[in-house]
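This report refers to the structure that appears directly beneath it.
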There are 2 protein chains.
Amino acid sequence: MTEENKKVDEIVEILKNQNMFFILSHVDPDGDAIGSLLALSLGLLRIGKHVWPFIHKPLRLPYVGLDADKILRLELPKVLDEYVCVALDCTSENRLGEVSKHLHSFKKVINIDHHKTNTLFGHVNWVDPEASCVGEMLFWILKGLGIPFDKDMWGNIYYAIQTDTGGFRFDNTSKRALAIAHCLVEEGVVPWEVFSKTSNARKVEAFKLLCEGIKQLEFYNGGSVCLVVFFKEDFEGCHAELEDSEDMIELFRELHGVQVMVLAREIRAGRFKFSLRSKAGLDVSQIALRYGGGGHRSAAGFELAGDWEEIKTEVIQGLLAQMGDGVH
Amino acid sequence: MTEENKKVDEIVEILKNQNMFFILSHVDPDGDAIGSLLALSLGLLRIGKHVWPFIHKPLRLPYVGLDADKILRLELPKVLDEYVCVALDCTSENRLGEVSKHLHSFKKVINIDHHKTNTLFGHVNWVDPEASCVGEMLFWILKGLGIPFDKDMWGNIYYAIQTDTGGFRFDNTSKRALAIAHCLVEEGVVPWEVFSKTSNARKVEAFKLLCEGIKQLEFYNGGSVCLVVFFKEDFEGCHAELEDSEDMIELFRELHGVQVMVLAREIRAGRFKFSLRSKAGLDVSQIALRYGGGGHRSAAGFELAGDWEEIKTEVIQGLLAQMGDGVH
C-alpha cells in the first residue's frame, strides 16, 4: 500500500465516521477550487452527512453558471467545534481568508492540496504535488466512499481537472489525469453539459478592461518578459470589478515571444496583487515565495504594498536576475 | 465488422499498396487540419513512402511553432497522376483551394472527414460525423498501418483532438476521444511538450485588432446575438493580417449572454468571410449551407460578397428567423 493510498484510506475513514463537515477552498477560487468544493459537498450530502460548503464571496462569472449557489454558504456556522473542516487547494492558512482565524476552533482540520509549497496546517494533511489538481485527488476519496454514480458530483470533478490542466494542455496533464477524465465520461459525465453552463465567461466590461491592458503592455528583456498593471482607475473607467480580470493572465500569456507574464492589479489603494505565468520553465513560485505568496513552477502569485514604480522595478529586477542566473 | 472498420481497412490497404501520396487539408487550416496533415505525413514517411504534404500558405501563429515547415510544401508536384491524394477535414472540393481544379488528375482521391455535410468528392470516402475530429479517425489508420510509437506523429494526433474539442470541453468531446487521448499519453506523448511549441499564439497586432472588435460589438435580439466585423481598414490600422483574427471568435463566444456569435472579416474589397458560433443549440450550419458554406451544428462558416449593410441585415435576419422558429 502506497503512502497516497494510506492517506486516502485515512481521510475516507474520517469522512465515514464523522457527521458534520465545514468545507472550503481558497479565496479568489478557480475552477479546481470551485469544482472540488462542489464535488466533495455533493458527495457527502449524498451519503447523508451534514455539510456546510463555505465560499468567501458570491460566485463570479463563469462559475456562477455552475448553479451551485443553492448549496454554498457565505457565512460561518455559529458553533465551529462540532465541524470537521476540510480545506481544499489551500497552500497555507493565508489562503483560507477569514476562516484562518478560526481554524483552531474546528473539531479537526483535513488539508487536501496539490501544491508542493503546502505548509501542512491541518491535523491530517494529504499533499500530492504529482496530482494535476485537487479534483483529481478527490476522485479517489469519492471512489473510496463508494458513492454511486452522480452526474453532478462527477461533472464537478471533470470541471476541476479540465480547468486546472488548461484543457489537458498544461504541464500537469498526466496520464493519470486523462485516465480519470476518461473514466468520468465513461460513467456518464457529458463535458459539454458541464461547460455549457459556464460558457458565458466574460462580461463586456471585462473585455473593455482587457483593451486597457493591451494599450499598456510593457516589455522587458527583449520582449520575453511582459507586464500589465490595472490600477483602481482602470477598473472604474471600464465599470469592471477585480473579479473580471481573474483569468485574464491566461490570455496575455499567449502573447508571441513572451516567456514570463506578470499581471498586477491594485486591490486596495497602494496594494497590488501579482500573478505570474512562465512558459520557459522559469520557476516563478520562487519569486512568489520571496514575497510570502506561493504556487507552482509555471503559475504563482503574491501581494505587495507600496509605491507602484518601486514595487514594479523590484519584481522585474528579481525576475531578470533569476532568468540571468540560468535557473530555468 | 462495422462499416467504420471496413473503411479503415480499405484505406490502410491503399496506403500500404501505393507509394506516392499527396496529402492536404483545407484552406485556412485549424489545429485538426494541421495536426492531421502532419500526423499522416510523418506516419507514411516512417514506413518509407514518398509523401508530398501540401499546405496552401506558410503556417501562421500558433501553428508555425509545430516545426512542420521542414516537411510541408507550398507548391504542387509537376506530375499529379502518380500521386494518391488524401484530403483531410475537407467538407467539399471548395475547401481544397486551388487543388480542387486538379482533383481529377490524381491517381486516386481518398477523402477522410468528420463533417456530416461532406459532399463525398473522393474515390474512397470515409466520413464519420461521430468522430470528434479527423485526428481521431487517423488514429485508427495509423494503428492499422502498424507504425511503432512515434512521439511526433502521436503528438500531432493529440494536438488535433485537443484543439478541435476546445480542450475536451465542446460537444464533440466523447469518451472515444478521451480514450484515444489517454492512450496517446500512455504511449509517451507529453501534452505540455506539444503545446509549449504553440503557446506563442498571438501577436500584439492581433491583440490590437481584438480591441477594435470590442469597441465595435453589435448586439441583437436582446443581447443573445452578437456581431463583430473587421474591415480591411481595421486590419491595416492595427498592422494585422487576416490570419491574426483566425481564432478570435472563440474569445468573443465567451461573452456573457451571447448565444450566437457572428464574426465577419473583409477578405477582399466587398467580400466577407463569416464565422458563426452557437452556444444554445441553434444549428448554425443551416445558415452556412444557405450561402454555400458548411460546418457543424455549433460552428460554421461561409462567404458573401456585396454591400456590407445589406449582407449584414440579411444574415442577422436569417439568424433571428431561425431562432424565432424554435429550431434550436
Side-chain angles (χ1 to χ4, degrees), chain A residues 61-62 158 161-163 165-187 189-196 199-208 210-215 217 219 223 226 251-259 279-281 298, chain B residues 61-62 158 161-163 165-187 189-196 199-208 210-215 217 219 223 226 251-259 279-281 298:
Chain A
L61 286 177
Y158 191 91
I161 300 177
Q162 198 277 353
T163 54
T165 57
F168 300 96
R169 190 170 48 114
F170 293 165
D171 57 0
N172 57 344
T173 307
S174 60
K175 61 183 171 187
R176 225 167 68 176
L178 272 161
I180 293 172
H182 175 241
C183 171
L184 294 170
V185 173
E186 204 154 51
E187 291 218 44
V189 168
V190 181
W192 176 242
E193 284 179 16
V194 177
F195 286 94
S196 62
S199 63
N200 283 313
R202 252 176 256 274
K203 292 188 290 186
V204 175
E205 291 80 3
F207 274 96
K208 289 189 174 153
L210 176 65
C211 289
E212 287 304 308
I214 292 166
K215 279 188 220 153
L217 291 168
F219 292 96
C226 180
L251 286 178
F252 286 121
R253 94 193 294 188
E254 292 184 356
L255 260 166
H256 183 54
V258 170
Q259 299 301 326
K279 287 196 286 207
S298 57
Chain B
L61 285 177
Y158 190 91
I161 301 177
Q162 199 277 353
T163 54
T165 57
F168 300 96
R169 188 169 49 114
F170 293 165
D171 58 359
N172 56 344
T173 307
S174 60
K175 61 183 172 185
R176 222 166 71 174
L178 273 162
I180 294 172
H182 176 240
C183 170
L184 294 170
V185 173
E186 203 153 54
E187 291 218 45
V189 168
V190 180
W192 176 242
E193 283 179 16
V194 178
F195 286 94
S196 63
S199 63
N200 283 313
R202 252 177 255 274
K203 292 188 289 186
V204 175
E205 290 80 3
F207 274 97
K208 289 188 175 152
L210 176 65
C211 289
E212 287 305 308
I214 291 167
K215 277 188 222 157
L217 291 169
F219 293 95
C226 179
L251 285 178
F252 286 121
R253 94 193 293 186
E254 292 184 357
L255 260 166
H256 182 55
V258 170
Q259 298 302 325
K279 288 196 285 206
S298 56

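Since this is a predicted model, take the numbers as computed values, not measurements. The chains referred to below are lettered A, B, ... by the order of the sequence lines, with proteins before strands, and numbering in each begins at 1.
Because its NZ or CZ atom is not both nearer than 6.0 Å to the ring centre of A:Phe195 and within 45° of the ring axis, B:Arg253 does not count as a cation-pi partner of that residue.
Residue contact with chain B, scored on non-hydrogen atoms closer than 4.5 Å, involves the backbone and the side chain of A:Thr173 alike. Residue A:Thr165: no heavy atom, backbone or side chain, is found under 4.5 Å from chain B. Heavy-atom distances place no part of A:Leu184 under 4.5 Å from chain B, backbone and side chain included. Within the 4.5 angstrom heavy-atom criterion, only side-chain atoms of A:Gln162, from C-beta onward, approach chain B. At a 4.5 Å heavy-atom cutoff, A:Lys215 makes no contact with chain B through either its backbone or its side chain.
In this structure, the separation between NE2 on A:His182 and CZ on B:Arg176 is 11.5 Å, given to the nearest 0.5 Å.
Ranked by heavy-atom pairs under 4.5 Å with chain A, the first of B:Leu251, B:Val194, B:Val189, B:Val190 is B:Leu251. Ranked by heavy-atom pairs under 4.5 Å with chain A, the first of B:Val258, B:Val204, B:Leu255, B:Val185 is B:Leu255. In terms of heavy-atom pairs under 4.5 Å with chain B, the best-connected choice from A:Ala177, A:Ala206, A:Pro191 is A:Pro191.
When all heavy atoms of B:Phe219 and B:Leu217 are compared, the pair lying nearest together is CE1-CB, 3.9 Å.
For A:Phe168, the ring-ring contact (aromatic ring centres under 6.0 Å, His included) test picks out B:Phe168, with sequence neighbours left out.
Remark: A:Lys279 NZ is packed, more than 12 non-hydrogen atoms of other residues, nucleotides or ligands lying under 6.0 Å away.
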- [ ] Might you work through the side-chain contact (heavy atoms from CB on, under 4.5 Å) test for A:Leu210 and A:Phe252, ending with a clear yes or no?
- [x] CA-CA 9 Å; A:Leu210 176 65; A:Phe252 286 121; 3.8 Å; yes
